[in-house]
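So that the names make sense, note that chain A is the first sequence line, chain B the second, and so on, each numbered from 1.
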There are 2 protein chains.
Amino acid sequence: MRRRRAKIFAALGDETRLALVAKLCRGSDLSISELTETAADARISRQAVTKHLRVLENAGLVRCSRTGRERRFSYRPEAAEEMREYLEFVTAKWDEALERLKTFVES
Amino acid sequence: MRRRRAKIFAALGDETRLALVAKLCRGSDLSISELTETAADARISRQAVTKHLRVLENAGLVRCSRTGRERRFSYRPEAAEEMREYLEFVTAKWDEALERLKTFVES
DNA sequence: TTCATACGCAACCTCTAGGTTGCATACTAT
DNA sequence: ATAGTATGCAACCTAGAGGTTGCGTATGAA
């Protein structure tokens, strides 16, 4: 469980991959070469983009499907949603702690 | 902005650091040696924990303060909250895209 | 004062993330 | 059939992450 979370966060922990996610979450299916041109502000090679996409796919943030000679990548919302819930959980724990401290001080 | 997000996600993208965050978000101020004993399930050296804490601090996920010969670390909720909001934003973009697709198909 | 504790700093090691290039292959289009 | 496009695979490189150990220093306790 913790390993899975670490994997997903790590996948999001890179500017290039964040840019790719930002592109893909807009809804379009994009090929590797399309993603290479636009998503990465930095001039980055196609192979580098391919590797980043593999990382995102392994983390479950993206799915891929072949159509002819192309591989089109699309966003996959579950993983990010899980992480959002986890961060919510962490914040909730923190708020509980604050609350406990507050009532302790007041008593 | 994107750089900052990548930094925070990257800080969360490690099992050991996730364990530290999980400990600290419970509300207690903990010293490095306390965190070394408990938080890391794996036997890890104090120095390693120190480095992880530095990463968390640089990402703004944790704050530290000296008391005597100790440095006590405590959780800091802003960064995680920002990331939660960002993931919410990403999910919202995705949902918009789905909605557009749906109304397009229906028309 | 003396001893133990909690740390900082620095050197060092190993592995892998992120990047590149070159070449081969599989489709598409003409 | 041929040329161009989209990709896979493999070798390679470099910097940095994650880890360790050794040693010095400051603080708390006896």
Task: Close approaches to DNA chain D from residues 55-64 of chain A, in residue order (heavy atom, under 4.0 Å) - done: none
TODO: Enter the inter-axis angle for the ends of the helix from C:dT1-D:dA30 to C:dT30-D:dA1 (five pairs per end, rounded to 10°).
DONE: 30°
Determine all donor-acceptor pairs shorter than 3.5 Å in which one atom belongs to a side chain in residues 66-73 of chain B; sequence neighbours excluded.
from	atom 1	to	atom 2	distance (Å)
B:Glu70	OE1	B:Arg72	NH1	2.5
B:Arg72	NH2	B:Asp29	O	3.1
B:Arg72	NH2	B:Glu34	OE1	3.0

- [ ] Could I get the full list of side chain to side chain contact (heavy atoms under 4.5 Å, CB included) partners for A:Ala79, not counting sequence neighbours?
- [x] A:Ile8, A:Leu61
Open item on the list: Rounded to whole Å, how long is the line connecting atom CD1 of B:Ile44 with atom P of D:dA17?
Closed with: 15 Å
Task: side chain to side chain contact (heavy atoms under 4.5 Å, CB included) against A:Glu85, all qualifying residues, sequence neighbours excluded - done: A:Glu81
Open item on the list: When you measure from the side-chain N and O atoms of B:Ser45 to the phosphate of D:dT20, is any distance below 4.0 Å, counting only OP1 and OP2?
Closed with: yes
Task: By side chain to side chain contact (heavy atoms under 4.5 Å, CB included) - contacts of A:Ser45 (at least two apart) - done: A:Gln47, A:Ala48
Task: With sequence neighbours excluded, residues passing salt bridge (Lys or Arg N to Asp or Glu O under 4.0 Å) with A:Lys93 - done: A:Glu96
Open item on the list: Using the side chain to side chain contact (heavy atoms under 4.5 Å, CB included) criterion, which residues pair with B:Arg76? Sequence neighbours excluded.
Closed with: B:Arg63, B:Glu78
Open item on the list: Among residues at least two apart in sequence or on other chains, which ones pass salt bridge (Lys or Arg N to Asp or Glu O under 4.0 Å) with A:Glu88?
Closed with: A:Arg84
Task: Protein-nucleotide distance (B:Leu20, atom CG; D:dG19, atom P), rounded to Å - done: 10 Å
Task: Closest contact, heavy atoms only, A:Ala97 versus B:Gly27 - done: CB-CA, 3.6 Å
Task: B:Asp14 CG - C:dT16 P separation (whole Å) - done: 14 Å
Task: Salt-bridge contact A:Arg3-B:Glu15 (side-chain N to carboxylate O under 4.0 Å) - done: yes
- [ ] Take atom CZ of B:Arg43 and atom P of D:dG19, then tell me their distance rounded to the nearest Å.
- [x] 15 Å
Task: A:Gly68 or B:Lys51, whichever maps to the more 5' nucleotide of DNA chain C - done: B:Lys51
TODO: Write out all pairs satisfying ring-ring contact (aromatic ring centres under 6.0 Å, His included) with one or both partners inside residues 79-107 of chain A, taking only residues at least two apart or from two chains.
DONE: A:Trp94-B:Tyr75
Tabulated below should be each protein N or O lying under 3.5 Å from an N or O of nucleotides 1-8 of chain D; please produce it.
from	atom 1	to	atom 2	distance (Å)
D:dG4	N2	A:Arg69	NH1	2.7
D:dT5	O2	A:Arg69	NH1	2.6
D:dT7	OP1	A:Ile32	N	3.3
D:dT7	OP1	A:Arg71	N	3.2
D:dT7	OP1	A:Arg71	O	3.4
D:dT7	OP2	A:Ser33	N	2.8
D:dT7	OP2	A:Ser33	OG	2.5
D:dT7	O4	A:Arg46	NH2	3.4
D:dG8	OP1	A:Arg71	NE	3.1
D:dG8	OP1	A:Arg71	NH1	2.2
D:dG8	OP2	A:Arg71	NH1	3.3
D:dG8	N7	A:Arg46	NH1	3.3
D:dG8	N7	A:Gln47	NE2	3.4
D:dG8	O6	A:Arg46	NH2	3.1

- [ ] Return the set of residues passing salt bridge (Lys or Arg N to Asp or Glu O under 4.0 Å) with A:Arg4 (not counting sequence neighbours), or none when no residue passes.
- [x] A:Glu82
